[in-house]
Amino acid sequence: MNLKKFILGTSFLLILTSCGKKQEQNQVSVSQEYPTQTVHKQNVVLDTEYPVTIKGQEDIEIKPRIDGFIDAIYVDEGSVVKKNQVLFKINSPQAEQALLSAQALVNSTTASKNTAQLNVNRIRPLVEKGIISPVQLETYEQAYQQAVASLNQAQASLMSAQATIGWTQVKSPVDGVIGEIPYRQGSLVDNSKILTTVANIGNIYAYFSINEKTLMAFLHQLEGKTQAEKIKNIPPVTLILSDNTIYPEKGKVETITGTVNVTTGTANMRALFPNSHGLLRSGTSGKILIPNEMDSIFLIPQKATFSQQDKILVYRLQGDSVVQKAITAIPYSDGIHYVVTEGLSDGDVIVSDGIATLTNGKKISIQK
């Protein structure tokens, strides 16, 4: 009886094991489904992003031309000023004293010149009548000429003193916006002190650097024989402000430095943006987008790729299996796609998602 039970139990286990193996075989024979994408050549505009420093078209340091105390400040930080508008008043006792002395000297030499003129006018008739020797007239005439020269010199000193006293009014050399004012009323200043800066921001410059290799490839794609001609053909560029908002006005790249920095391997570039509403301020930062039209490339989702060492790869469909394929790819401006320039052919089918579970040579089914 026990033997029969043992045989029946053993047979039952063998049947269960056999059924389990058949179920596993059936599961293996069913390939997992994956979404795919057929790639086709297309033309896209690739925006390349670079950090920029924004500066006014003119950032001018305002310094006093004479020593003295700040007597008055007529503007505040951030004020919009016009050319020749008075910004500061400097109290300079030395300049005032120099002006008084120069004026007194002019008055004195003027009197001396008038006296000499009277002497010449008085002596000349006497010489003509032979009453006085002509030598005496020559003496008086020479004295008159010396008096005239002294007056001219005194007048020049007066003009210099008047110009110096004019420097007590510190004026803006351009239209612009006032920067920081580090010194206040009563401060002692001289021509080494920067009273403030005036930034001309009617237009602003955006400065950025570009890698040497990238620059050469970029210029190669532009029309024109010379660098100047190629710069003119750079399409309008976009400025993204520090809060990630897009500046409404388009800019234009104007210059590329003629030398490459040997330390960083980059060249400096400058773009001009109009700033008629004064939204941009000198010293701020942002990002610039340079459009680059690329022909005959493929656009694929980044989630269809994976990295292996320093390579970017995709799984390309080959029959009912997948094979790994290395590609050359550049991030697209939307942040979710790659621009593929090498590694794929028109009409290739790649797995577009779920690649984490794939291995080279694995059989798959196409998701419908």
Side-chain angles (χ1 to χ4, degrees), residues 56-75 79 81-176 178-179 181-200 202:
Q57 196 169 7
E58 295 174 294
D59 284 349
I60 301 174
E61 295 179 343
I62 306 299
K63 297 180 179 181
R65 301 178 69 176
I66 58 174
D67 300 350
F69 296 92
I70 297 178
D71 208 24
I73 301 175
Y74 300 114
V75 292
S79 300
V81 296
K82 297 295 184 181
K83 184 177 181 179
N84 291 325
Q85 180 176 336
V86 179
L87 309 179
F88 301 89
K89 175 70 168 63
I90 305 297
N91 183 356
S92 177
Q94 295 90 340
E96 294 174 0
Q97 184 61 44
L99 179 63
L100 292 175
S101 298
Q103 185 64 63
L105 183 60
V106 167
N107 294 338
S108 174
T109 53
T110 299
S112 298
K113 178 252 184 184
N114 292 337
T115 300
Q117 180 70 61
L118 289 174
N119 288 334
V120 170
N121 293 338
R122 180 174 58 84
I123 295 298
R124 183 174 286 116
L126 298 177
V127 172
E128 292 174 352
K129 293 178 181 180
I131 301 174
I132 296 178
S133 170
V135 175
Q136 291 183 329
L137 176 60
E138 291 178 2
T139 301
Y140 282 111
E141 286 178 338
Q142 289 177 0
Y144 172 73
Q145 294 299 328
Q146 290 176 352
V148 170
S150 296
L151 177 59
N152 290 338
Q153 185 175 6
Q155 288 175 334
S157 298
L158 177 61
M159 292 177 63
S160 176
Q162 289 172 335
T164 301
I165 204 69
W167 295 344
T168 59
Q169 290 188 328
V170 182
K171 300 179 180 180
S172 174
V174 295
D175 296 346
I178 296 294
I181 301 177
Y183 300 101
R184 294 297 169 180
Q185 188 171 352
S187 299
L188 177 63
V189 294
D190 55 41
N191 57 12
S192 67
K193 301 293 193 299
I194 299 174
L195 301 181
T196 188
T197 58
V198 177
N200 181 355

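Worth saying up front: this structure is predicted, and the values here are computed from it rather than measured.
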Visitor: Who are the side chain to side chain contact (heavy atoms under 4.5 Å, CB included) partners of Pro173, not counting sequence neighbours?
Guide: Ile60, Ile62
Visitor: Determine yes or no for a side-chain-to-main-chain donor-acceptor pair under 3.5 angstrom, with Thr168 supplying the side chain and Ile165 the backbone.
Guide: yes
Visitor: Counting N and O atoms only, with roles assigned by atom type, does the side chain of Gln185 sit under 3.5 Å from a partner on the main chain of Asp71, one being a donor and the other an acceptor?
Guide: yes
Visitor: Please check if the side chain of Ser150 supplies one atom and the backbone of Gln146 the other of a donor-acceptor pair under 3.5 Å.
Guide: yes
Visitor: Within the structure provided, determine whether Pro64 and Leu195 are in side-chain contact (heavy-atom separation under 4.5 Å).
Guide: yes
Visitor: With heavy-atom distances below 4.5 Å as the criterion, would you say the side chains of Val81 and Asp175 are in contact?
Guide: no
Visitor: Can you establish whether the number of heavy atoms outside Gln153 located under 6.0 Å from its atom CD is more than 12?
Guide: no
Visitor: Hey, does Ile181 have a side-chain heavy atom less than 4.5 Å from the side chain of Phe88?
Guide: yes
Visitor: Is there a side-chain contact between Gln169 and Lys89 in this structure, where contact means two heavy atoms from C-beta onward sitting under 4.5 Å apart?
Guide: yes
Visitor: Do Gln103 and Leu158 have side-chain heavy atoms sitting under 4.5 Å apart?
Guide: yes
Visitor: Looking at Ser160 and Ala156, would you say the former's side chain and the latter's main chain have a donor-acceptor pair under 3.5 Å?
Guide: no
Visitor: Is any side-chain heavy atom of Lys193 closer than 4.5 Å to one of Asp190?
Guide: yes
Visitor: Mind listing the side-chain donor-acceptor pairs of residues 131-142 below 3.5 Å, one per line with the distance, residues two or more places apart or on another chain?
Guide:
residue: Ser133; atom: OG; partner: Val135; partner atom: N; Å: 3.3
residue: Thr139; atom: OG1; partner: Val135; partner atom: O; Å: 3.0
residue: Glu141; atom: OE2; partner: Arg124; partner atom: NH2; Å: 3.1

Visitor: Hey, does Ile66 have a side-chain heavy atom less than 4.5 Å from the side chain of Asn191?
Guide: no
Visitor: Taking side chain to side chain contact (heavy atoms under 4.5 Å, CB included) as the definition, give me every residue that meets it alongside Val148, ordered by chain and number, with sequence neighbours left out.
Guide: Lys113, Tyr144, Asn152
Visitor: Would you say Asp59 and Thr197 make side-chain contact, with heavy atoms under 4.5 Å?
Guide: no
